[in-house]
Participant: 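The structure is given below, and queries will be raised subsequently.
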Number of protein chains: 2
Amino acid sequence: MATAPHILICDDDPVVHESLGLYFENEHFTYSSAYDGRDALAHVASDKPDLIILDVMMPEKTGIEVCREIRKTLSTPIIILTAKGEEIDRVLGLELGADDYIVKPFSPREVIARIKAVLRRINEPQENTSFLRFEGLEINLDNYQVKVKGELVPCTPKEVEILHLLASHIGQVMDREQILSLIWGYDYFGDTRTVDTHIKRIRQKIYYEGAPWSLITVYGVGYKFEVNS
Amino acid sequence: MATAPHILICDDDPVVHESLGLYFENEHFTYSSAYDGRDALAHVASDKPDLIILDVMMPEKTGIEVCREIRKTLSTPIIILTAKGEEIDRVLGLELGADDYIVKPFSPREVIARIKAVLRRINEPQENTSFLRFEGLEINLDNYQVKVKGELVPCTPKEVEILHLLASHIGQVMDREQILSLIWGYDYFGDTRTVDTHIKRIRQKIYYEGAPWSLITVYGVGYKFEVNS
DNA sequence: ATGAATGTGAACAAATCGTAAAAACTATTT
DNA sequence: AAATAGTTTTTACGATTTGTTCACATTCAT
């Protein structure tokens, strides 16, 4: 995205595509179109857009569902689109990991401004491997902050580091030795069970009923961070 | 280096390669290995790394010599590695044009943080950020003046510099080593607790009840400037 | 059913931090 | 050159937070 960003528009209303497309061409943004939830996910995978505009009401899969799906693997910026009457809570969208929220009908200026703002915000801390976001969970290794459902949860340095390590390798099991050498360092020789205690505390702090992710024990091997599918 | 940086590790100890390699893979950095000075220079020429980690004690050619060689033609960032006991003058390495200096044994966090800091520093064009303004707080590094609620608060040079450093990296935790390096310079040997004393004085001078910003301690890591807590 | 691996709470140990005060340093004036 | 004022650095101690280990309960795979 060194040059102009590529944007994916997901909405079942062709009029929205037409008007947004017009604005985007004017700004020299490129874009592609999806007209239902399933199509949206396909485009996300194939087009690798720099930003996704997601209407809440769509056939096949709602914007909420699509957002949740995307957040399982990607942190591509998402802007949620919703009609004025729709009783979708703003907070909900943002808890799902969306980056902004626009109510229809929108003005061209507003949309462009929001997109630019989001892209600026996302790009500022370059190559964001230190910031991870999932539905209802944010892990920031720059400020050592963990947020659950948008709420700051006080975690100790080791806790943040371990959680970040596991969460940045979704589904991959890491054994205790690996965790120790990656977090503590190559010259650490302590009890491997120490890891267990930290895992316990992390679970206590971040887990909530119905969380779409979890720290899973792989018996005889180690731990992994999983996202529900 | 639009994506992940490529790093060249030069050290005669395989254990160092193993552990650093582990950290780097985890960060999605790519890397290559050299085990003596001559080999190092060959790799520098062929691999064109984005950053070079250079152990001082190596067969064939010492890190110092290699560093000198490299600097004849390239400005690739170099981080010098040295064992705790080695009586190599810290200044020497940095006078040769190295960008930072890490003492073994090192922690993963430290190494990764230093690398990112160096790369960031190299890549970022200097902006004019000498004047910072927040609600109820102004920091001017041109005339070394700090104003709280419009009132001039007498601060010493070190105090202004530290405050400015932290305030120009909102939310980002900086550890004491980083602060010392950036304010005092790489050739400083003093106690890291010195930073604490300055932080204390800065807090005493600038803080007021209900200030929308604060200097926050991140236990086990360092300090950060936060807005809107 | 059994032994090994893991969950968990509590006790203990270690590391870190805030602070004040003393000491060292610097620059300037007498 | 000595005195002074201002600044910086070091040191020390107590308070606090965090990390580690242990003991025992529970779960798991065979």
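By convention in this document, chain letters (A, B, ...) are assigned in the order of the sequence lines, proteins followed by strands, and residues within each chain are numbered from 1. Just so you know, these numbers use all the heavy atoms, side chains as well, and skip hydrogens, waters and symmetry mates.
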Participant: Could you tell me whether a side-chain N or O of Arg71(A) sits under 3.5 Å from a main-chain N or O of Thr76(A), the two making a donor and an acceptor?
Facilitator: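 Checking the backbone N and O of Thr76(A) against the side chain of Arg71(A), a donor-acceptor pair under 3.5 Å is found.
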
Participant: Heavy atoms under 4.0 Å is the rule here; annotate nucleotides 14-27 of chain C 5' to 3' with B where the base is hit, S where only the sugar-phosphate is, and - elsewhere.
Facilitator: -BBBBBB-------

Participant: Taking the axis from the first five pairs and the axis from the last five, what angle separates them in the helix from dA1(C)-dT30(D) to dT30(C)-dA1(D), rounded to 10 degrees?
Facilitator: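 Here the helix ends are tilted 40° relative to one another.
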
Participant: Please enumerate all residues that pass side-chain hydrogen bond (donor to acceptor under 3.5 Å, both in side chains) together with Lys224(B), with sequence neighbours excluded.
Facilitator: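 Result, side-chain hydrogen bond (donor to acceptor under 3.5 Å, both in side chains) vs Lys224(B): Glu226(B).
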
Participant: Compile the donor-acceptor pairs under 3.5 Å between side chains in residues 209-223 of chain A and protein atoms, sequence neighbours left out, one pair per line.
Facilitator:
residue	atom	partner	partner atom	Å
Trp213(A)	NE1	Glu135(A)	O	2.8
Thr217(A)	OG1	Arg203(A)	NH2	2.8
Tyr223(A)	OH	Arg176(A)	NH2	3.2

Participant: Measure NE2/His198(A) against P/dG7(C) and give the value in whole Å, please.
Facilitator: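 Spelled out: NE2 on His198(A) to P on dG7(C) is 14 Å.
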
Participant: To check you understand the geometry: which heavy-atom pair defines the closest contact between Asp39(B) and Ala34(B), and what is its length?
Facilitator: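 In this case the closest contact between Asp39(B) and Ala34(B) is OD2-CA, 3.4 Å.
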
Participant: Counting the benzene-type ring for Trp, do His17(B) and Tyr35(B) have ring centres under 6.0 Å apart?
Facilitator: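 When the ring centroids of His17(B) and Tyr35(B) are compared, they turn out to be within the sub-6.0 Å range.
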
Participant: Is the backbone of Val148(B) close enough, under 3.5 Å, to the side chain of Glu151(B) for a donor and an acceptor to pair up by distance?
Facilitator: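 Answer holds: no.
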
Participant: Between Cys155(A) and Gly190(B), which has a closest nucleotide on DNA chain D that is more 5'?
Facilitator: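 Nearer the 5' end of the strand: Gly190(B).
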
Participant: Sort and list the pairs that fulfil salt bridge (Lys or Arg N to Asp or Glu O under 4.0 Å) and have at least one residue in residues 157-175 of chain B, not counting sequence neighbours.
Facilitator: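 For residues 157-175 of chain B, and leaving out neighbouring residues, the salt bridge (Lys or Arg N to Asp or Glu O under 4.0 Å) pairs sorted by first residue read Glu159(B)-Lys205(B).
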
Participant: Is Trp184(B) close enough to dT8(D) that one of its side-chain N or O atoms is under 4.0 Å from OP1 or OP2 there?
Facilitator: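 Answer no for this pair, as no side-chain N or O of Trp184(B) is under 4.0 Å from OP1 or OP2.
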
Participant: If you check the Pro157(A) side chain, which of dT18(D), dT20(D), dT11(D) turns out closest?
Facilitator: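 That would be dT18(D).
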
Participant: When the nearest nucleotide of DNA chain D is assigned to Phe189(A) and to Asp191(B) on a heavy-atom basis, which residue is associated with the more 5' position?
Facilitator: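 That would be Asp191(B).
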
Participant: Among all residues two or more places apart in sequence or in another chain, which pass the side chain to side chain contact (heavy atoms under 4.5 Å, CB included) test with Ala167(A)?
Facilitator: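 Listed in chain order: Leu132(A), Phe134(A), Ile139(A), Phe225(A).
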
Participant: Mind calculating the distance between NZ (Lys158(A)) and P (dT17(D)) to the nearest angstrom?
Facilitator: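 Rounding to the nearest Å, NZ of Lys158(A) and P of dT17(D) are 18 Å apart.
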
Participant: OP1 or OP2 of dT17(D) less than 4.0 angstrom from a side-chain nitrogen or oxygen of Thr156(A), does that happen here?
Facilitator: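 Checking dT17(D) against Thr156(A), no side-chain N or O comes under 4.0 Å of OP1 or OP2.
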
